[in-house]
Amino acid sequence: MQQKWQRWNTSSRKWLWILVVIGLIGALPVVYDRMQTEQSAKTVEIVFDYRDLVDVASYRAQPQDYLDEQLDRLKEAGVQSMAVFESTLEDYRKARRIMIWGAQDAANMMNTVWSENENYTYILFTSPENAERLTPIITKAYNRLGIDTEEWTLRGQKGLILKTPLEDATLKTMQPDPLMLDMLRSKGFNIVPRLSDSLPYDEAAMTETMAYYKELGVKRILFEGETVKGFNDDEDRNTLSHFAKLLNENGIGIAAIENIKKQQKGFKALAYNTDYNVARLYSLSEGDSSLDTEKIVDRFALATKDRNIRMLYLNTVPRRDTGKAMITDTLDNLITSLSDPNGAIDRIKQNGFTFGQAESFKVVDSSYQRYLKLVAVVGAVSLVALMISYFIPGLTLLAWALGLLGSAGLLVLKPTLFEQALALAAAISAPTVAVVLAVRNLNAKGPSALKPGFQAMSPGKRLAHSLVLYLKTAVISLSAVPFVIALLNNIAYSLVLEQFRGVSLLHMAPIGLVALYVLLYRGSIAWNRTGEILRKPITIAMVIAAGLAGIVGLYYLKRTGNSGFAFPFELEFRTFLENTMGVRPRNKEFLLAHPLFILGAFLALKYRNAMFVMIIAVIGQLSMVDTFAHIHSPVIISLIRGLLGLGLGLIVGLAAVGIWQVLEGCWKRWSPLLKKL
């Protein structure tokens, strides 16, 4: 019975491969749907932080003239929109709309005695127009918070008294300055409001505000702080749903800021309730606004092309330049970055984008996609079972059956966990199976310990065999890609509201599994090899080797991911590749892993111990799959990146084989002479 079960498990590999192929065929239309989704939003919006501009202008001798001049320059440079915050009294003061005092300063100014029981805030408007437009806004905002107001005058100028201390009054927010909004609209700028959730959610006020934004042509808003509007009151009053309803009624979407330390609370729920009317935004910080223009241009071009960014947010900041003995800013640098020939505007246009108000992706979800995903699930489970079969053949059918049952259970109970877990398992399995099959092939063709009197192939045949094996292995590794895309084909992943988990495991597991196979599964039964290894005494050399392996592993992990460590010269090389080829292949693929695969296979057909090179070579295979696991990157960009890596890796690999042949020839010729010496 045991032999029959073993025979069934071994023969099941053929059927599992058939199921994998069927799963791949089922996944391909889902991949096409995602590619259609990625092509549905090609408009890029450049947004400038208006509050920063006002800060810079406040250090100029004629702030209003300077503000007007810079707005015109920014418009001409290609900035379409201005981000405006909810106003505070301090914002009105910087804009020269009002003057504000605390109780003591007001008493001194009015030549009166400071009252012992009065600690109010005094506002004086700088013009009749400011008083007319801002009085109702300020009064309404503070009255809603239970703060009484009353009118007063000083030397014929109208003002308001806010019956709260200055320190408290300046913390309150209200709708943006209408005079400022009118001015920006007159100059042709779109408005991108930034809303905070610092004050209690007022449904009536928010309804009025959103209707006002609709009249202004607002299409997207940003949130300020750690929470979205309505989050703090949502548990008691369901305010997030109310705010989402207002957004939908007024045709306004939201923006997701890339690379913030922590996603704003409530953002995911709000995105879901607005049917993912979301655009991704890259913010160039105040500090980075002084970078070289070429670096800024590269960042903007990469963000839009490689990461589905559709909003570029510019900041600036006034600085004290002691060398020049003046206050400086980075506006000239930003304008140059945008408008110079081959600047950001030109580069983004060359990549096929247009400029305007950012749009959300139109999700393509074909009616058959749900059923094709189920086909892909069966294929992915079969791929995982195949990987297990090469290590523990007796568990092949059991692993496949349990995989299907577990998938069905998780799909019902925790679908997000299911799709991420199965996608990760498939991503690990394909490169592992690919390199294991390559090792088996090389072991069969090369100098196995079971082949006395082995005769190696000629160098030409070894090279040809290595190249064919290189291509076959890449195809098998890439078989994981349609499964990963189909399982994670959800707009939430493209917008990075959900993230593919287990990237570190993907980077380490195939290496460990291939190392295990090379060490234990060549030439004898794994159990015998395991016992043989365990019985060996531990030496200092082994301890040192293990320590070095650990250090190398930690360094390798440190370099993985979007925020991985890289040396300055590497960053410059990456920029060179990007600007030269349009899409940057991964250095570790074409400079290390792929050439090592070709060289390792070439050597393993002659030297048995060269097989250990394949442990490092698997990095290139898993890296190709990992590229597609970056769901926020377009599929076509990831495909080009992988193919470029394979092509350049082939060239570098051929060069490595040639260098080896020269060195080997030199060694054969000169080593006898060296022995005589």
Any chance you could measure [X], atom [atom1], to [Y], atom [atom2], to the nearest 0.5 Å?
X      : Y      : atom1 : atom2 : result
Tyr493 : Thr416 : OH    : OG1   : 5.0 Å
Ile257 : Leu281 : CD1   : CG    : 6.0 Å
Met508 : Ile619 : CE    : CD1   : 8.5 Å
His630 : Ile637 : NE2   : CD1   : 14.0 Å
Leu402 : Ile388 : CG    : CD1   : 9.0 Å
Leu284 : Ile46  : CG    : CD1   : 11.5 Å

Side-chain heavy atoms of [X] within contact of [Y], under 4.5 Å:
X      : Y      : result
Glu258 : Val496 : no
Asp626 : Val503 : yes
Arg13  : Pro393 : yes
Leu487 : Lys373 : no
Phe612 : Leu519 : yes
Leu495 : Phe267 : no
Leu24  : Phe483 : yes
Leu605 : Ser466 : yes

Just by modelled atom types, is the [Y] backbone N or O under 3.5 Å from a matching donor or acceptor in the [X] side chain?
X      : Y      : value
Thr304 : Ile309 : no
Arg307 : His632 : no
Ser382 : Val20  : no
Ser623 : Gly620 : no
Arg462 : Phe602 : yes
Ser477 : Gln621 : no
Arg220 : Ile254 : yes
Thr37  : Val363 : no
Glu38  : Val635 : yes

Using a 6.0 Å cut-off, check whether atom [atom1] of [X] has over 12 heavy atoms from anything other than its own residue.
X      : atom1 : result
Lys265 : NZ    : no
Leu28  : CG    : yes
Gln661 : CD    : yes
Trp17  : CH2   : yes
Tyr272 : OH    : no
Lys472 : NZ    : no

Distance-only polar pair, side chains of [X] and [Y], donor-acceptor under 3.5 Å:
X      : Y      : result
His465 : Asn441 : yes
Thr627 : Arg641 : no
Gln369 : Asn489 : yes
Trp400 : Ser12  : no
Ser366 : Asp33  : yes
Glu45  : Tyr313 : no

> Please walk me through it: do Ile348 and Leu312 pass side-chain contact (heavy atoms from CB on, under 4.5 Å)?
Replying inline: CA-CA 11 Å; Ile348 292 170; Leu312 302 172; 3.7 Å; yes

> In terms of ring plane angle, is the pair His594 and Tyr470 parallel, tilted or perpendicular, where the classes change at 30° and 60°?
Replying inline: perpendicular

> Passes side-chain contact (heavy atoms from CB on, under 4.5 Å), Leu374 versus Val378? Steps please.
Replying inline: CA-CA 7 Å; Leu374 293 177; Val378 175; 6.0 Å; no

Could you report the tightest heavy-atom contact between [X] and [Y], atom names first, then the distance?
X      : Y      : result
Gln264 : Phe223 : NE2-O, 3.0 Å
Lys42  : Gly352 : CE-O, 3.6 Å
Ala480 : Ala430 : CB-CB, 3.4 Å
Met311 : Ala255 : SD-CB, 3.8 Å
Leu497 : Lys268 : O-CE, 3.3 Å
Phe590 : Gly645 : CB-O, 3.5 Å

> Under 4.0 Å between a Lys/Arg side-chain N and an Asp/Glu carboxylate O for Asp288 and Arg299?
Replying inline: yes

>> For a side-chain contact (heavy atoms from CB on, under 4.5 Å) check, start with the C-alpha distance between Leu639 and Phe628, then their side-chain angles and the critical distance, and finish with the verdict.
In response: CA-CA 8 Å; Leu639 180 60; Phe628 289 88; 4.1 Å; yes

> side chain to side chain contact (heavy atoms under 4.5 Å, CB included) with Val625: which of Ser479, Ser429, Pro510, Pro431?
Replying inline: Pro431

> Do Tyr517 and Tyr390 have ring centroids that are under 6.0 Å from one another?
Replying inline: no

>> Applying side-chain contact (heavy atoms from CB on, under 4.5 Å) to Ile485 and Ile631, what does each step give before you reach the verdict?
In response: CA-CA 8 Å; Ile485 293 175; Ile631 309 299; 5.7 Å; no

